[in-house]
Amino acid sequence: MDPVWWLQADHSLWAVIIANIWLGIPFNLVILYSGLQNINGDLYEAAALDGCNAWQRFWKITFPLLKPVSMITLLLGFVYTLRTVDIIWIMTKGTGSSRTLATWAYEMAFGKGTSATIRYSEASVVGTILIVVALIFALIYLWAQRNEEKR
């Protein structure tokens, strides 16, 4: 059988992105919902008494108070996406436009097919690069949080 069109090399990145978003939405929504639960209802009541409409309440209360939760959600989503191998490997075997550092390391460590050369040292270097990239983004997040708290 011919492969389906959305998993061919030219379109495989979009198929993987859509699947990753589909898998990540429930986790992200649970985190954001817990952040919404921590916003005091008295703030909305006071804003309504002051004459704010729903749009103003969102931009003046909800959005600023959800900013820390949104930032950590974005950081966790980035780190999760950075290390994603399973979705990409199952859907495309890391071919075409869907090849990432994580799938490249997986391919080097475990081979691709029966005649592939296994290279553990190169795979561990790529894995270390992934850890360093995630650490850099975590440090940027911590720096931004510290600057936000100083204000």
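Residue numbers run from 1 in the order of the sequence given. As the structure is a computational prediction, the values presented were derived from the model and not from experiment.
Once rounded to the nearest 0.5 Å, the distance linking CG of Leu74 with CG of Asn28 reads 8.0 Å. Here the CZ-CZ distance, from Phe110 to Arg119, works out to 13.5 Å after rounding to the nearest 0.5 Å. To the nearest 0.5 Å, atom OH of residue Tyr44 and atom SG of residue Cys52 are 11.5 Å apart. Within the model, atoms CD1 of Ile72 and NZ of Lys67 stand 14.0 Å from one another, a figure rounded to the nearest 0.5 Å. Note that CD1 of Ile140 is 13.5 Å distant from CD of Gln145, once rounded to the nearest 0.5 Å. The OG1 atom of Thr62 lies 12.5 Å from the CD atom of Gln56; values are rounded to the nearest 0.5 Å.
Nearest heavy-atom pair, Pro64 versus Ile61, reported as atom, atom and distance to 0.1 Å: CD-O, 3.4 Å. Nearest approach of Ile31 to Ser34, heavy atoms of both residues: O-OG, 2.6 Å. Nearest heavy atoms, Ala123 versus Ala105: CB-O, 3.4 Å. A pairwise comparison of heavy atoms in Ala48 and Arg57 identifies CB-NH1, 3.7 Å as the closest pair. Closest heavy-atom contact between Ile87 and Ala19: CG2-CB, 3.9 Å.
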Would you please test Thr84 and Thr100 for side-chain contact (heavy atoms from CB on, under 4.5 Å) and show each step? CA-CA 9 Å; Thr84 299; Thr100 63; over 6 Å; no

Before giving the answer on side-chain contact (heavy atoms from CB on, under 4.5 Å), spell out for Leu75 and Phe137 the whole-Å C-alpha distance, their side-chain angles and the decisive distance to 0.1 Å. CA-CA 7 Å; Leu75 177 68; Phe137 276 94; 4.1 Å; yes

With side-chain contact (heavy atoms from CB on, under 4.5 Å) as the test, would you mind laying out the steps for Val133 and Phe78 before giving the verdict? CA-CA 10 Å; Val133 169; Phe78 175 76; 4.3 Å; yes

Check step by step if side-chain contact (heavy atoms from CB on, under 4.5 Å) holds for Ile17 and Ile21. CA-CA 6 Å; Ile17 287 172; Ile21 289 171; 3.8 Å; yes

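When the options Leu82, Val85, Ile129 are evaluated for a side-chain contact (heavy atoms from CB on, under 4.5 Å) with Leu101, the one that passes is Ile129.
A distance-only check finds no donor-acceptor pair linking the side chain of Thr103 to the backbone of Arg99 [under 3.5 Å]. Checking side-chain atoms of Asn40 against main-chain N and O of Leu43 turns up no donor-acceptor pair under 3.5 Å. Remark: the backbone N or O of Val16 is not paired with any side-chain donor or acceptor of Asn20 at under 3.5 angstrom.
No side-chain heavy atom of Tyr120 sits less than 4.5 Å from a side-chain heavy atom of Met108. Within the 4.5 Å cutoff, the side chain of Phe27 has heavy atoms near those of the Leu76 side chain.
Under a hydrophobic clustering in which Ile, Leu, Val, Met, Phe, Trp and Tyr are joined whenever their side-chain heavy atoms come within less than 4.5 Å, directly or via other members, Tyr80 and Met91 fall into the same cluster. Residues Trp14 and Ile25 share a single hydrophobic cluster, defined by chaining ILVMFWY side chains whose heavy atoms lie under 4.5 Å apart. Hydrophobic clustering (side-chain heavy atoms under 4.5 Å, transitive across Ile, Leu, Val, Met, Phe, Trp, Tyr) groups Trp104 together with Leu130. Transitive grouping of hydrophobic side chains (ILVMFWY, heavy atoms separated by less than 4.5 Å) brings Leu65 and Leu32 into a common cluster. Taking hydrophobic clusters as Ile, Leu, Val, Met, Phe, Trp and Tyr residues chained together by side-chain heavy-atom distances below 4.5 Å, Ile131 does not share a cluster with Val126.
In Phe58, the CZ atom is crowded: over 12 heavy atoms of neighbouring residues, nucleotides or ligands sit closer than 6.0 Å.
Ring geometry for Trp55 against Trp59 counts as perpendicular: the plane angle is over 60°, on a 0 to 90° scale with 30° as the lower cut.
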